[in-house]
Protein chains: 2
Amino acid sequence: MQISQINAFLAVAELQSFSLAAERLHITQPAVSKRIRQLEDDMKTTLFDRIGKKSILTPSGQSLLPHAERILLELKTYREELAHDHDKPSGTLSLATSHHVGLHRLPQVLRDFKIEYPGVDLDLHFMDSEDACIAIANNELELAIVTLPENPDDRLKLEPIWIDVLQIVLAPDHALAGEASIDNEQLLDYPAILPSNGTFTRKIINNYFATTKDAMKIILETNYLETIKVMVSANLGWSMLPISMLDHTLIGKPLSGLDIRRSLGIVTRQKRTLSVNSRAMIDMLLAAKT
Amino acid sequence: MQISQINAFLAVAELQSFSLAAERLHITQPAVSKRIRQLEDDMKTTLFDRIGKKSILTPSGQSLLPHAERILLELKTYREELAHDHDKPSGTLSLATSHHVGLHRLPQVLRDFKIEYPGVDLDLHFMDSEDACIAIANNELELAIVTLPENPDDRLKLEPIWIDVLQIVLAPDHALAGEASIDNEQLLDYPAILPSNGTFTRKIINNYFATTKDAMKIILETNYLETIKVMVSANLGWSMLPISMLDHTLIGKPLSGLDIRRSLGIVTRQKRTLSVNSRAMIDMLLAAKT
DNA sequence: GAGACTTACGTCGCACGTAAACATT
DNA sequence: AATGTTTACGTGCGACGTAAGTCTC
């Protein structure tokens, strides 16, 4: 069944004439006959009484009329949606984020987004950055704002927004608190508190401790940096944290002059067309970055 | 644009796979690709992100989804209407009738119809029988219950239901009231009150007075037989009326033993498919006739 | 006889299937 | 390597237009 048949049907119904309908449709009159005939065969009914001068809807044809109009209306409405609403965010924006990003980077962004697009509801999914990347890869979500992996899945598309410089952090009363700079070997004597194995941040840290990794005394692992911060403040051990988390309870020390950093930013799926809402959020993040 | 494309779209959207959709639709997978591609070209947008294992709706595709479902629903609903409601009168039944039929023949029928089909609203159009026949011929109405013409338009289909036997009618105090039977010549001496020129009944009467027609003293014409009855009762003249209208105010006399009659019944249009409501009314009239 | 629809028929386009190429995982 | 989609191409159905036939008015 074809939409052209519906169009022919409506034209004949309105004009009560196959030949006038043919004119309107810019086809020949036998073509109109055939379109109607096919609709009739399809529906196994008669749609018009061909009564010489006029062709008039049968009862079956009359009851098709509103349906046919609604079908064309649906198509028309959709085409208008495509044309007009293409750049107006609305509805819900779902995004994944990590606890750290959600706590330290996102509040500002979300506030600005709500001001710019008050009609969009936000649906935040807190999860570990690694899980967020898996969800994105599996097309379960289309947008994540998390810690970026160093060696990402090929299916992911990364867009760094913020850089976290990492430093060794100590309690003010830690034995090494007085040193100007610290090296790997010094730290081996003291207990460490690190992000959980498997986290992107832990992998970055591991890279820098590659040679001494196995000798470290790791007394606690957690995927929540805030916990690490509290533990370090209580002088239970040293750790490595973004300098943005430093405050009076912690002392930061560069590691032998090295520059250690991780990227936070946007994760999307390669080849996936993003919703208007996601695009708006991404554009806002990119604009804020400069 | 074709409905098969909509079907393909919905299948792929649900199954997130072109090949699974192909299975469901019992066509090959390249055929599905082509159907989707054509929809996309038609709408000038992309409906699915083809991401290896899964194919996922784009935002444009998501917004097509409800429209596509409604389109199929419209078709399904119509098919069900055709299948189920085909013999259940409902809604409105429009019919034309004459004053005479509406007064003397229809009330009974309408009451029975309302009892049988309480859900059907009646829309009565009172008009002269001749006008009703013209309206039917012009497809302005599909059903009339009126006095039937003697020489009908070929486009009309007539179905007699009742026979009205006509007699000469006189006031009880008319000069001819004592005669057993009356002939044309006797009547020429007295004033006549006849149905309007142009009415079917008048034509019938004219046939029987063919030879003496021009000599008649017609003092009043009207298309409303009730008026004629009152005038005759007041002894303003003689007339010819259906014997069904006789009562104590009138005396009926056969015209020289001749049997003069008119038919009342159904007028429809040749070749026109009738609504269920009209068919129900016609069937009821035909059943009552026997 | 004029106007309107259907039927007949030849042409061309398009939808399908098969098979091969390409992409993703 | 396996799964999935697109491209290429040949076949056949079907939509169209022209022209003739049929019917209504």
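Here is the naming used below: chain letters follow the sequence lines, and residue numbers restart at 1 for every chain.
Among residues at least two apart or in separate chains, salt bridge (Lys or Arg N to Asp or Glu O under 4.0 Å) pairs with a member in residues 13-36 of chain A are A/Glu14-A/Arg24. Screening residues 51-76 of chain A for ring pair (Phe, Tyr, Trp, His ring centres under 6.0 Å), with sequence neighbours left out, gives A/His67-B/Tyr78.
Remark: B/Leu158 pairs with B/Leu148, B/Pro149, B/Pro152, B/Leu156, B/Val267 by the side chain to side chain contact (heavy atoms under 4.5 Å, CB included) rule, at least two apart or across chains. The side chain to side chain contact (heavy atoms under 4.5 Å, CB included) search around A/Tyr224 returns A/His99, A/Leu103, A/Thr222, A/Glu226, A/Thr227, not counting sequence neighbours. Applying the salt bridge (charged side-chain N to carboxylate O under 4.0 Å, His left out) test to B/Lys203 and every residue at least two apart in sequence or in another chain returns nothing. B/Lys53 meets the side chain to side chain contact (heavy atoms under 4.5 Å, CB included) test with no other residue; sequence neighbours excluded. Partners of B/Lys213 according to the salt bridge (charged side-chain N to carboxylate O under 4.0 Å, His left out) rule, which considers only residues two or more places apart in sequence or in another chain, do not exist here. With sequence neighbours left out, the salt bridge (charged side-chain N to carboxylate O under 4.0 Å, His left out) criterion links A/Glu130 to no other residue. Partners of A/Lys271 under the side chain to side chain contact (heavy atoms under 4.5 Å, CB included) rule, at least two apart in sequence or in another chain, do not exist in this structure.
The bend of the helix from C/dG1-D/dC25 to C/dT25-D/dA1, defined by the angle between the axes of its first five and last five pairs, stands at 40° to the nearest 10°.
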Atom pairs, protein N/O to nucleotides 21-25 of chain C N/O, distance under 3.5 Å:
unit_1, atom_1, unit_2, atom_2, d
C/dT24, OP1, A/Lys271, NZ, 2.5
C/dT25, OP1, A/Arg269, NH2, 2.0

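Taking a 4.0 Å limit (strictly below) on heavy-atom distances, residues 9-32 of chain A reaches DNA chain C at A/Ser17, A/Phe18, A/Ser19, A/Gln29, A/Pro30.
Residue-level contact check: A/Ser55 touches the backbone only, with heavy atoms under 4.0 Å from sugar-phosphate atoms and none from bases.
In this structure, A/Gln2 places its CD atom 11 Å from C1' of C/dA15, rounding to the nearest Å.
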